[in-house]
Each structure stands twice: as C-alpha cells, then as structure tokens.
Amino acid sequence: MSYAPDTPTETAPQGGDLVRRHRLSTRLWHWANALALFIMLMSGMMIFNAHPRLYWGEYGANPDTPWLTIGSMEGIAFPGWATIPSTYSLADARIWHLAFAWVLILGVPLYLLWSLVNGHLRRDLLLTGDELRPSHIWHDIKQHARLRFPTGAAALKYNVLQKSAYLGVLLVLLPLVILTGLAMSPGFDAAVPVSAWFGGRASARSIHFLCAFGFAAFIVIHLVMVVLAGPFNEVRSMMTGWYRLPKGKP
Amino acid sequence: MNEAPRILTRRRLLGAGALGAGGLILSGCDKLNANPTFRSLLLEADSWHQGAQRAIGGKQALAREYAVADMSPEFRVNGNADPGDPAYARHAAEAFASWTLSIDGLVKRPLALPMSALQAMPQREQITRHDCVEGWSAIGQWQGPQLGQILSLAGLLPAARYAVFHCADRFGAAPYYESIDLVDAFHPQTILALRMNGQPLTVAHGAPLRLRVERQLGYKQAKYVMRIELRDSLAGLYGGKGGYWEDARDYQWYAGI
C-alpha cells in the first residue's frame with residue numbers, strides 16, 4: 001500500500017509498509033542543496049585560509065584585534081583535504097564559491113516559497129503548540145539520546161528535534177548565510193546596505209563563518225542520524241521518495 | 001565446516017564507499033578546477049554578479065560613506081609597498097613635483113596632467129571601506145579629483161569602453177595594471193586619490209595617486225598610476241583579462257563581489 005501525506009488513507013500505515021515520504025521538490029532541493037553546501041563549505045574554508053582571522057565591527061585587518069584566529073597567519077587554517085581546490089588558491093576558491101552561491105541564492109527563496117504554497121512548511125516542519133511544551137521536548141531529547149526512534153506510522157512525522165534542525169537550517173542558517181555573504185560584497189552592499197544590518201562588514205564575515213560552522217555541525221549530526229536510522233532506507237527515501245516504515249522492536 | 005570469513009560486510013562496504021566518495025569528490029574537484037570548459041562556466045558568473053548588482057542597486061548606487069570616528073586606527077598596507085625602481089625613487093625624492101598623469105588611447109585630446117593641475121581641480125573627499133579580496137577591511141579617508149572630470153577633459157571617443165590604469169609598480173617582470181568600465185569610471189565616488197587620511201598619499205599607499213573605485217575590491221584600487229588608457233577592448237593587453245591579478249591568478253575582473 002502507499003501513503004501520501006497529502007491524501008490520507010483510511011487505514012494508517014504500519015511498520016514494514018513501503019510508503020511515499022519525500023515529494024519531488026524536497027528531493028531535488030535536498031541534493032542540489034547538499035552539493036552546493038559541500039562546495040560552499042570546502043571553497044569557503046580555502047577563502048578563509050587567505051585571512052584566517054575574524055573581527056567584530058565595520059572593519060578588521062592585521063593591525064586590529066580579532067576575536068578568533070585559526071592557525072597562524074603564515075600557516076594554513078584548513079588543510080588541503082578539506083578545501084576546494086586542495087592547494088592554496090584564493091582566486092580559484094572564489095570562482096567556485098561565487099558561482100555556486102547562485103544555487104543557494106536562487107534555490108533557497110524558491111524552495112521556501114514552494115514549501116509555503118504546498119503546505120510542506122506548515123504540515124511537516126512547523127512546531128505545534130503541543131510539541132513546544134518543555135516536557136515534550138525533554139521527552140524527545142531523552143528518546144534521541146537512547147537512540148529510540150519512532151516506528152510505524154509515527155516515523156512519518158518529524159519529531160521536535162528534527163523539525164527544529166530542519167527549520168533552523170531553512171529559516172535561520174540559509175537566509176543568514178546568504179545575507180552575510182551578500183554583505184561582504186562591496187558592490188551589493190552599495191546597492192542594498194546589508195552590512196549595516198549586521199553591525200558592519202567584519203561582523204557579517206564573522207556571522208558568515210559561524211553559519212558555516214552551524215552547517216558543518218548540522219551535516220555531521222544529520223549523517224550520523226541517517227546511519228543510525230538505517231542508511232539504505234533513508235537514502236532511498238531521499239532518492240526515490242519511498243520509505244519503509246520501521247517495525248517496532250518486540 | 002566453518003563459515004568462510006566475510007570479506008565484504010555491509011558495514012565495510014559503506015565505510016569504503018564513504019571514503020571512496022570523499023576521495024573522488026576531492027580529486028574530482030581538482031580535475032574540474034583544471035578543466036577549461038568547467039572553469040569558463042564558473043567564470044561566467046562574473047558577468048551575472050555585475051548584471052545583478054547593477055540591476056538591483058542601479059548603476060549609480062553609492063558605497064557607504066563613514067564618519068571620521070569610524071576610521072581604522074591603522075590602515076594596512078598591502079600589495080606593493082614601493083615600486084622600487086630608480087625613476088620612481090627620483091620622483092619620490094622630489095615629492096612627485098614633476099609626476100605627470102597621461103590620458104591617451106580612445107580620447108579626443110590626449111593629455112599630460114601635472115600634479116598641480118590635478119590638485120587644482122575640484123576635489124572629492126570620502127571616508128570609505130576598503131575591502132580586500134582576502135577578507136580584511138579597513139576604513140580610510142580619500143581625497144582627489146573625480147575620474148569622470150578628468151576623462152571629460154580629454155573627451156572620450158565613441159568607441160571607448162574601458163579605462164585602463166597603468167602603474168609604476170610591478171610584480172617580477174609584470175607591470176601592475178587594472179581596468180574598469182565606463183559605468184564605474186564615471187561613478188561619482190570614483191576618484192584619483194591624491195591624499196589619504198588628511199595627508200598626501202604615502203609611498204606605501206600608492207603615492208602620488210591611486211585609483212579609488214569604491215564598489216569593488218582592493219586589487220582594483222591601482223596604486224602609482226602613471227597613465228590612463230581608454231580602450232575598446234581588454235583583449236591584446238598583457239594577458240587580456242584586464243588586470244595584473246586577473247591575468248596572473250584568474251581573479252574576477254568584476255570585483256564588486
């Protein structure tokens with residue numbers, strides 16, 4: 001039997017059933033986003049290598065006091081296996097970073113708008129009043145920590161931690177990383193004074209880096225959860241849309 | 001009979017797959033990076049950036065100007081700090097009294113302007129943020145005549161599309177040069193700075209005159225400008241990409257991003 005969230009069937013699906021889980025727009029966006037984010041993170045680390053210091057305020061350069069320095073000015077903050085390209089080239093990293101930025105700058109508003117129109121945002125991601133009760137959140141955290149994942153039809157719905165993670169990426173990290181990126185562009189900043197919204201260009205650059213750290217943390221947790229929840233089933237559901245509901249442990 | 005040892009478990013397969021994918025991504029990216037077709041595709045974004053920024057903000061959008069209190073206590077010196085050749089050293093020794101700026105190429109009246117002529121023109125003073133491609137920024141005060149005024153004195157021929165700045169400094173054998181289009185050349189904040197932070201430009205910051213094109217990155221702010229050449233194309237000049245760093249490293253010609 002099949003189950004689509006938009007067209008509820010009479011009988012609830014059970015553990016072991018193969019069900020439709022992710023719609024095409026979500027799958028396309030997931031993989032475009034995954035590719036773009038990896039490229040942005042890796043080329044971004046190479047760009048960071050050119051000046052591995054972060055400042056708060058309107059300006060910040062070598063004579064000023066950074067709040068964070070990674071490695072030394074002579075050394076390299078991020079190693080070649082983590083960067084695009086793998087040997088030092090600020091110019092090449094920028095070519096990649098600024099070209100793939102278009103995937104995010106066009107994709108994020110489009111996906112957000114589409115998720116608003118098709119109800120994905122409201123139905124699958126927005127937290128309900130009940131879910132926001134501290135006891136509910138605490139219960140979910142305990143279940144996660146014990147690696148007890150929902151089974152049967154309950155596995156079709158995202159829980160509080162999942163919703164928060166996906167909403168955090170979609171509504172906070174992605175818009176923030178795009179805006180702080182634009183704030184660093186002198187041409188765009190002249191067109192729309194974005195850097196002022198963040199307390200200056202050096203601050204925007206710092207927030208941009210913190211967002212990147214947030215993405216890296218999200219990706220690690222996301223991948224660990226995929227592996228723990230059954231990588232084959234999870235990856236299949238994001239590629240084909242079909243997901244086998246986990247059976248409850250006897 | 002004992003079960004044969006399982007060489008390929010699912011766990012191992014997944015692990016090997018992840019490692020292999022990681023390796024492929026890395027070497028794949030380096031291969032793509034070196035692939036001329038892929039590279040030119042990525043470089044295509046350069047014109048998108050310029051088009052999008054001008055469409056959103058208009059061609060005349062002004063870079064933010066700051067107050068004296070916002071200025072960097074110390075403005076970092078970057079790039080060449082001294083052209084270091086004897087001719088330049090002689091000019092520096094006499095405080096650039098006989099330095100002239102030539103304007104030629106696709107102009108009606110080629111000019112050779114002495115420093116006194118540039119100083120006598122109406123001056124624009126602006127406190128702006130200098131954004132280096134490396135990621136640092138510094139805020140400083142710049143003063144000098146608008147480039148548009150100077151170009152109008154020479155009068156542009158209809159075929160002129162780019163202003164090229166030839167500089168006294170060089171990297172190895174390659175002279176520094178930069179170029180901008182006419183939108184930026186006639187932008188009100190585009191000046192030939194003679195003074196910085198209330199003082200005549202120092203050698204380290206590009207004395208006696210330095211281009212300020214405020215909506216672009218630091219490498220466009222050519223120091224030690226000797227000559228402005230108006231051209232219809234950037235092809236055929238040095239590496240053909242419109243600037244020293246553009247030729248040497250493939251930095252974007254449009255450095256508004």
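Each chain gets a letter, A, B and so on, in the order its sequence line appears, and its residues count up from 1.
For the options B:L32, B:V133, B:D46, heavy-atom pairs under 4.5 Å to chain A are most numerous at B:V133. Of all the listed residues (B:R129, B:E74, B:R54), the one sharing the greatest number of non-hydrogen pairs under 4.5 Å with chain A is B:R129. When the candidates B:N78, B:I56, B:L42 are compared by the number of heavy-atom contacts under 4.5 Å with chain A, B:L42 comes out ahead. Looking only at heavy-atom pairs under 4.5 Å with chain B, the residue among A:L98, A:D189, A:I84 that has the most is A:L98. The greatest number of non-hydrogen atom pairs below 4.5 Å with chain B, out of A:L54, A:L182, A:I95, A:V192, is found for A:I95. Highest contact tally toward chain B, considering only A:A191, A:S195, A:A91, is held by A:A91 [criterion: heavy-atom pairs under 4.5 Å].
Using the six-membered ring where Trp is involved, B:W48 and A:W102 have ring planes that are perpendicular, over 60° apart on the 30 and 60° scheme.
Interface remark: B:H49 contributes backbone and side-chain atoms alike to the contact with chain A (heavy atom separation under 4.5 Å). Both the backbone and the side chain of A:A196 come within contact range of chain B, judged by heavy atoms closer than 4.5 Å. The contact between B:L62 and chain A is made entirely by backbone atoms, counting heavy-atom distances below 4.5 Å. Interface remark: A:P193 contributes no atoms to any contact with chain B (heavy atom separation under 4.5 Å). There is no contact between B:F75 and chain A, counting heavy-atom distances below 4.5 Å. Only the side chain of A:F100 has a heavy atom closer than 4.5 Å to any heavy atom of chain B.
Using a 4.5 Å heavy-atom cut-off against chain B, the contacting residues of residues 199-209 of chain A are A:R201, A:R205. Residues from residues 249-257 of chain B that place a non-hydrogen atom less than 4.5 Å from a non-hydrogen atom of chain A comprise B:R249, B:D250, B:Y251, B:Q252, B:Y254, B:A255, B:G256, B:I257, given in numerical order. Interface residues of residues 31-47 of chain A toward chain B, defined by a heavy-atom distance below 4.5 Å and sorted by number: A:M42, A:I47.
Annotation for A:W56: atom CH2 counts as buried by contact number, over 12 foreign heavy atoms lying within 6.0 Å. More than 12 non-hydrogen atoms from other residues, nucleotides or ligands lie less than 6.0 angstrom from CZ of B:F171.
The closest side-chain heavy-atom distance from B:C29 to A:W96 is below 4.5 Å. Looking at B:L217 and A:R94, their side chains come closer than 4.5 Å, going by heavy atoms from C-beta outward.
A salt bridge is absent between B:R76 and A:D64: the closest approach of a Lys/Arg side-chain nitrogen to an acidic carboxylate oxygen does not fall below 4.0 angstrom. Electrostatic pairing of A:E58 and B:R64 counts as a salt bridge here, judged by a charged N lying under 4.0 Å from a carboxylate O.
Residue B:N33 holds its CG atom at 4.5 Å from CG of A:D92, rounded to the nearest 0.5 Å. With values rounded to the nearest 0.5 angstrom, A:Y59 atom OH is found 15.0 Å from B:H130 atom NE2.
Judged as a side chain to side chain donor-acceptor pair (under 3.5 Å), not a single pair has a partner in residues 192-206 of chain B (not counting sequence neighbours).
Using a 3.5 Å distance cut-off with no hydrogens or angles, the side chains of A:N62 and B:W136 do not pair a donor with an acceptor.
Contact record, B:Q216 with A:P186: C-CG, 3.9 Å, taken as the closest heavy-atom pair.
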